[in-house]
Amino acid sequence: MLQNKSKTAETNLLVSIKDFSEISDELINLVNIIDLKDPSRGSIGSWKLSEIRKVIKLYKSKIIISATLGDIFDNKRFLNKLEKFDELNLDFIKFGLLSHNCNSLYDKIKLISLKKYKTDLVCVIFVDKDEKLKKTKNKISHIKDYGINHILLDTFVKINGDIFDFCDIEDIEDFIYLCKEYKIKTGIAGGLKEYQIPSIINLSPDIIGFRSAVCENRSRTGMIQKKKLKKISSYFRVFNNKAIDNAGA
């Protein structure tokens, strides 16, 4: 799904960045993907276009860059914003499977299928809303047919708990396996904690995403702490080195 431009990894580390001041060469060397997401503006709050352009200009050659569209429920607004983001030269655009009406939940994906976008699109499934994980599993063939090749599991209301408060690890494992059958790349996020990393990474999702776990006081609106980021990054380095060694054995 998301491979670092400088190294190969089995499971990639994504870290959400709240503003330009958090980005540095040191941070880039510790992660595979930077995800431009403003936590003060919602679950997947978006950056301003001018700030995204600045990041792309300075760091596009160094790191994979993803950006979130925001918590958009209206499909017309969604398409208008997607058009603008598609011109930015991002590697990935993340959008939430959100709708005011559960019966039209998948209309966003149908609309996307009507046009060829230059940027790879990542569909964010919020497992804490309306049995989304179960519904998505039942719709997976349609999702693939509509051209979605990347799915990220996340939580919408962050204060209600992490992803494991809404689904078992067996549910996540089954979902990853199902997506692999349909050649859909998977990501896991949603308030993840450091101690949960070994269990998740052993499931071999394509990415694992973090924000609160690398921030001061586990506050997603706080600043990233390099000490925490380095510790989490080390899990991925060890795991992926083992995977490379085993592949060459």
Do [X] and [Y] belong together in a cluster built from hydrophobic side chains that touch within less than 4.5 Å?
| X | Y | value |
| --- | --- | --- |
| Y177 | I184 | no |
| F73 | V157 | yes |
| L49 | L121 | yes |
| M223 | W47 | no |
| L114 | L79 | yes |

Test item: [X] side-chain N/O and [Y] main-chain N/O as donor-acceptor pair under 3.5 Å:
| X | Y | result |
| --- | --- | --- |
| D71 | S43 | yes |
| D38 | K18 | no |
| T155 | I163 | no |
| Q196 | K193 | yes |
| K144 | K183 | yes |
| N202 | S199 | no |

Kindly give the heavy-atom pair with the smallest separation between [X] and [Y], and that separation in Å.
| X | Y | result |
| --- | --- | --- |
| G96 | K108 | O-CD, 3.6 Å |
| R77 | I72 | NH1-CG1, 3.7 Å |
| D162 | F164 | OD1-N, 2.7 Å |
| I52 | A67 | CD1-CB, 4.2 Å |
| I23 | I17 | CG1-CG2, 3.7 Å |
| T186 | C179 | CG2-CB, 3.4 Å |

Do [X] and [Y] come close enough that some side-chain heavy atom pair is under 4.5 Å?
| X | Y | result |
| --- | --- | --- |
| L69 | L82 | yes |
| F85 | T119 | no |
| F95 | K81 | no |
| D91 | K60 | yes |
| L97 | Y106 | yes |
| L30 | I232 | no |
| I63 | L27 | no |
| I109 | C123 | yes |

Taking side chain to side chain contact (heavy atoms under 4.5 Å, CB included) as the criterion, tell me which of I64, I33, V31 meets it with N12.
I33
For a side chain to side chain contact (heavy atoms under 4.5 Å, CB included) with R220, tell me which candidate from C215, P39, S40 qualifies.
P39
Could you walk me through whether K180 and S204 satisfy the side-chain hydrogen bond (donor to acceptor under 3.5 Å, both in side chains) test, starting with their C-alpha distance in whole Å, then the side-chain angles of each, then the deciding distance to 0.1 Å, before giving a yes or no?
CA-CA 10 Å; K180 285 181 178 180; S204 296; 4.7 Å; no
Should the pair K134-D171 be classified as a salt bridge under the 4.0 Å nitrogen-to-oxygen rule?
no
Using 4.0 Å as the upper bound for N to carboxylate O, is an ion pair formed by R211 and E22?
yes
The test is salt bridge (Lys or Arg N to Asp or Glu O under 4.0 Å); show your working for K118 and E87 and say whether it passes.
CA-CA 8 Å; K118 294 179 289 187; E87 298 298 325; 2.9 Å; yes
With E83, which residues qualify under side-chain hydrogen bond (donor to acceptor under 3.5 Å, both in side chains), at least two apart?
K115
Distance (rounded to the nearest 0.5 Å) between [X] [atom1] and [Y] [atom2]:
| X | Y | atom1 | atom2 | value |
| --- | --- | --- | --- | --- |
| D165 | D168 | CG | CG | 10.5 Å |
| S212 | N217 | OG | CG | 11.5 Å |
| L229 | I224 | CG | CD1 | 6.5 Å |
| S66 | L152 | OG | CG | 8.5 Å |
| I208 | L192 | CD1 | CG | 7.5 Å |
| R41 | T68 | CZ | OG1 | 9.0 Å |

Taking atom types as modelled, find out whether S21 and D19 have a side-chain donor-acceptor pair closer than 3.5 angstrom.
yes
Under the side chain to side chain contact (heavy atoms under 4.5 Å, CB included) criterion, do Y182 and I143 qualify, and how do the steps go?
CA-CA 10 Å; Y182 284 90; I143 291 172; over 6 Å; no
What class does the angle between the rings of F20 and Y59 fall in, given that below 30° is parallel, 30 to 60° is tilted and above 60° is perpendicular?
tilted
Before you tell me yes or no, could you show the steps for I112 and F78 under side chain to side chain contact (heavy atoms under 4.5 Å, CB included), namely the whole-Å CA-CA distance, both residues' side-chain angles and the distance that decides it to 0.1 Å?
CA-CA 10 Å; I112 286 172; F78 163 71; 3.7 Å; yes
Considering residues, nucleotides and ligands other than [X], do more than 12 of their heavy atoms fall under 6.0 Å from its [atom1]?
| X | atom1 | answer |
| --- | --- | --- |
| Y117 | OH | yes |
| K230 | NZ | no |
| K231 | NZ | no |
| I159 | CD1 | no |
| E131 | CD | no |

Begin from the C-alpha positions of I44 and F126 and carry the test side chain to side chain contact (heavy atoms under 4.5 Å, CB included) through to its verdict.
CA-CA 11 Å; I44 51 172; F126 298 106; 4.1 Å; yes
Is it possible for you to check whether K129 lies under 6.0 Å from the centre of the six-membered ring of F156, through NZ or CZ, and within 45° of that ring's axis?
yes
Between K185 and N149, does the side chain to side chain contact (heavy atoms under 4.5 Å, CB included) criterion hold? Intermediate values first, please.
CA-CA 6 Å; K185 304 296 186 180; N149 297 308; 5.9 Å; no
